[in-house]
Amino acid sequence: MPELPEIEVVKRSLFKMINKVKIVDIKIMNSNLRYKIPNNFSKNLINEPILRISRRSKYLIFYLKKKVLLIHLGMSGKLFLLRIRDNKVFKTSFYYETNITKRHNHVYFKLSNGFLLIYNDVRRFGFFKLYNNNAINKIPFLKKLGLEPFSKLFDTKYFKKFVLNKKKNIKNLLMDQTFVSGLGNIYVNEALFISKINPLRKCCDLSKTEMKNLICNIKKILKSSISKGGSSIKDFQSTAGQKGNFQQFFRVYGRENKNCSRISCKYKIKKIRISNRSSFFCPNCQI
DNA sequence: AGGCATGTTACAGG
DNA sequence: ACCTGTAACATGCC
């Protein structure tokens, strides 16, 4: 589920609820996530107030008094809040899926404000890592990341320099987190569609205008998605018990054999595989 | 039953 | 060094 916009939305909704709150207890139901949660995990976190929550790429970072907690949600990780008093679930807005099941609740953080922060992850590709907060600049996961898409430095100059003598296609370039960090398969497909660029084009062959347009569209799409509460999901339910509104904002992702969403175009969306990931594009609009 | 799924990493081979 | 493809991780859905 989570690409940059979804993580950003989670960050914002969590921050509102748990800023300055202390972790009073932790219950680990299953420590076998992508990396095993170590035995001293709870001991290092209990009684620590959460001072700040930030996001870098698809990572969430909890700044505690002495420690830094790095969280990645993998493909299916979810964080949500449960008010203990009445068992009311507070979504981290964008995704309270209808099919959350208790057996995939792997970690419970009991908070000093009467909430439980619950980590649920069907596939267990997500992870938690704990660091001393003086070592934050040495976190390997973060060190190798490229620019944030919203960075002012993410411009045509940077683009040109990065792709010089590179032979990979533009789809794979955008998926490359050392180039720009936070895009995933869905938003890459969308950005290329909006920018009318064929995913197989060699990245160094893009004109300056195309680069500029693509960069601009990436920023736009991500911002628009954040403002909608994150959209890389299939279904969600807005309030407990109600059936989910089905929202699809995608112009091209998942639309194989459907009409191109540009009204003037009569072609059908094609699906191909690029580096083992599905890619959708319009053979007419995306050149 | 088999293929596919929003992410990342490791490895083999060109 | 760069690039691509494949597999792995675990589970559910069609």
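We name chains A, B, ... by the order of the sequence lines, and we start the count at 1 in each one.
- In this structure, OH on A:Tyr187 lies 16.0 Å from CZ on A:Phe193, to the nearest 0.5 angstrom.
- For residues 184-198 of chain A, the set of pairs meeting the salt bridge (charged side-chain N to carboxylate O under 4.0 Å, His left out) definition, not counting sequence neighbours, is empty.
- When the C1' atom of C:dG5 is taken as reference, atom CD1 of A:Ile272 falls 15 Å away, rounded to whole Å.
- Nucleotide B:dA5 holds its P atom 13 Å from the CD atom of A:Glu3, rounded to whole Å.
- Looking at A:Asn133, its side chain does come within 3.5 Å of a backbone N or O of A:Lys65 through a donor-acceptor pair.
- With sequence neighbours left out, A:Asp176 forms a side-chain hydrogen bond (donor to acceptor under 3.5 Å, both in side chains) with A:Lys168, A:Thr178.
- The side-chain ring of A:Phe125 is not stacked on the base of B:dT8, judged by centre separation under 5.5 angstrom and plane angle under 30 degrees.
- Look at CE on A:Met175: it is 10 Å from C1' on B:dT8, rounded to the nearest Å.
- No single ILVMFWY cluster, assembled from side-chain heavy atoms under 4.5 Å apart, contains both A:Ile136 and A:Leu51.
- Sorted by first and then second residue, the side chain to side chain donor-acceptor pair (under 3.5 Å) pairs with a member in residues 145-166 of chain A read A:Arg55-A:Glu148, A:Arg56-A:Glu148; sequence neighbours excluded.
- A 4.5 Å side-chain heavy-atom check between A:Leu69 and A:Tyr63 finds every atom pair outside the cut-off.
- A:Lys78 has its NZ atom 12 Å from the C1' atom of B:dA5, to the nearest Å.
- In this structure, a donor-acceptor pair under 3.5 Å is present between the side chains of A:Lys67 and A:Asn132.
- Residues A:Leu4 and A:Leu183 fail the side-chain proximity criterion, which asks for heavy atoms closer than 4.5 Å.
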Heteroatom pairs (N/O) under 3.5 angstrom, protein to nucleotides 1-4 of chain C:
unit_1 : atom_1 : unit_2   : atom_2 : d
C:dC3  : OP1    : A:Lys167 : N      : 2.8

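- Residue contacts shown for A:Arg123 include a base, since a base heavy atom lies under 4.0 Å away.
- Using a 4.0 Å heavy-atom criterion, one finds that A:Arg273 contacts the sugar-phosphate atoms exclusively.
- One finds no side-chain N or O of A:His72 lying less than 4.0 angstrom from the OP1 or OP2 phosphate oxygen of B:dG7.
- You'll find that the side chain of A:His104 is closest to C:dG12, out of B:dG7, B:dC4, C:dG12.
- A:Asn185 places its CG atom 8 Å from the P atom of B:dA5, with the value rounded to the nearest Å.
- Residue contacts for A:Asn276: at a heavy-atom cut-off of 4.0 Å it reaches a base atom on one of the strands shown.
- Between the CD1 atom in A:Ile269 and the CD atom in A:Glu256 there is a gap of 10.0 Å [rounded to 0.5 Å].
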Scoring nucleotides 9-14 of chain B by protein non-hydrogen atoms under 4.0 Å (B base, S sugar-phosphate only, - none) yields S-----
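- Taking atom P on both nucleotides, C:dA1 is separated from B:dT8 by 23 Å, rounded to a whole Å.
- Atom-to-atom, CG of A:Asn120 to P of C:dT11 comes out at 12 Å; the value is rounded to the nearest Å.
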Only Watson-Crick and G-U wobble pairs with both distances less than 3.5 Å should count. Give DNA chain B in dot-bracket notation, marking inter-strand partners with |. .||||.||||||||
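- Each of A:Phe109, A:Tyr35, A:Phe141 was evaluated against A:Phe128; a single residue qualifies, A:Phe109, per the ring pair (Phe, Tyr, Trp, His ring centres under 6.0 Å) test.
- Between the CG atom of A:Leu174 and the P atom of B:dG7 there is a distance of 13 Å, given to the nearest Å.
- As a whole-Å value, the separation of A:Glu6 CD from B:dA5 C1' is 15 Å.
- Ion pairing of A:Asp86 with A:Arg83 is present here, as a side-chain N (NZ or NE/NH1/NH2) and a carboxylate O approach within less than 4.0 Å.
- Between A:Arg103 and C:dT11 there is no side-chain polar atom (N or O) within less than 4.0 angstrom of OP1 or OP2.
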